[in-house]
Novice: 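Have a look at this one before I ask anything.
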Amino acid sequence: MLPGEMSEQQEFRHELEATLAAREEMGEELEPQLVDRFADRIEQEIDRRAKEQAYRQRPRSRDHNAPTIPLALGSLGLAIPLIGAAGGLAGVTGVIAVCIAIVLVNLLWVLGRR
């Protein structure tokens, strides 16, 4: 058991003992209120632990990376014919211009997603 869990158990044990002691001192007419208060405390703790466990178990979102893959593959698919056409018409300068344009489009897309 973790140290934090042990102290929580000790805290609940202490609260239960205090509730039982208060019942003995105050009598049975206040017993329903004492039991309700202690039950509410237990329900709050159960809810807190359930939320904590759900938070730990939820999958980490990777949606922000998903659009980048199709964009990169599309850029490579378009780069082949564009580089071929630019190389045939404008030579090395055209190839460099197409490469720079593709890099800028991808860079602006990624920076815009942040």
Side-chain angles (χ1 to χ4, degrees):
M1 226 178 250
L2 297 174
E5 290 177 2
M6 183 59 83
S7 66
E8 289 175 5
Q9 282 184 344
Q10 290 173 347
E11 180 181 332
F12 278 121
R13 180 178 296 271
H14 178 72
E15 283 188 45
L16 178 60
E17 290 171 354
T19 301
L20 292 173
R23 178 186 171 261
E24 290 176 6
E25 290 178 14
M26 295 181 184
E28 292 185 18
E29 65 272 355
L30 294 178
E31 181 178 348
Q33 290 88 355
L34 292 172
V35 171
D36 288 344
R37 193 181 85 199
F38 188 71
D40 288 342
R41 174 70 170 100
I42 291 173
E43 287 176 7
Q44 290 172 356
E45 183 62 22
I46 290 171
D47 289 343
R48 185 192 67 78
R49 288 182 186 187
K51 287 178 185 175
E52 183 179 297
Q53 185 175 9
Y55 178 77
R56 280 186 273 143
Q57 290 180 349
R58 78 174 181 193
R60 300 292 180 240
S61 175
R62 295 180 61 180
D63 292 339
H64 65 279
N65 291 336
T68 308
I69 294 170
L71 178 69
L73 293 176
S75 295
L76 290 174
L78 289 174
I80 294 170
L82 288 175
I83 288 175
L89 295 174
V92 174
T93 306
V95 170
I96 292 173
V98 168
C99 291
I100 290 173
I102 290 172
V103 168
L104 285 176
V105 166
N106 284 291
L107 183 64
L108 291 174
W109 176 264
V110 170
L111 293 177
R113 299 285 299 166
R114 289 185 181 183

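All values derive from a computational prediction rather than experimental measurement.
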Novice: Count the heavy atoms belonging to other residues, nucleotides or ligands that lie under 6.0 Å from CZ of Arg13, then report whether that count exceeds 12.
Specialist: no
Novice: Please tell me if the side chains of Glu11 and Arg41 come closer than 4.5 Å, counting only heavy atoms from C-beta onward.
Specialist: yes
Novice: Looking at side-chain heavy atoms only, is the closest gap between Ile42 and Phe38 below 4.5 Å?
Specialist: yes
Novice: Does Glu52 pair with Arg49 as a salt bridge, N-O distance under 4.0 Å?
Specialist: no
Novice: How long is the span from the CG atom in Leu78 to the CD1 atom in Ile83, to the nearest 0.5 Å?
Specialist: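 So the gap between those two atoms works out to 10.5 Å.
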Novice: Do Leu108 and Ile100 belong to the same hydrophobic cluster, where Ile, Leu, Val, Met, Phe, Trp and Tyr are linked whenever their side-chain heavy atoms lie under 4.5 Å apart, directly or via other members?
Specialist: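 They do not share one cluster, since no chain of ILVMFWY contacts under 4.5 Å joins Leu108 to Ile100.
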Novice: Would you say Ile96 ends up clustered with Leu104 if hydrophobic residues are merged whenever their side chains have heavy atoms under 4.5 Å apart, either directly or through other cluster members?
Specialist: yes
Novice: Nearest 0.5 Å, please: how far is CD in Glu15 from CD in Glu17?
Specialist: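 Here the rounded value is 11.0 Å.
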Novice: How far does CG of Leu107 sit from CD1 of Ile102, to the nearest 0.5 angstrom?
Specialist: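 One gets 13.5 Å once the value is rounded to the nearest 0.5 Å.
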Novice: Any idea which heavy atoms bring Gly87 and Val95 closest together, and the distance?
Specialist: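 Heavy-atom minimum between the residues: CA-CG2, 3.6 Å.
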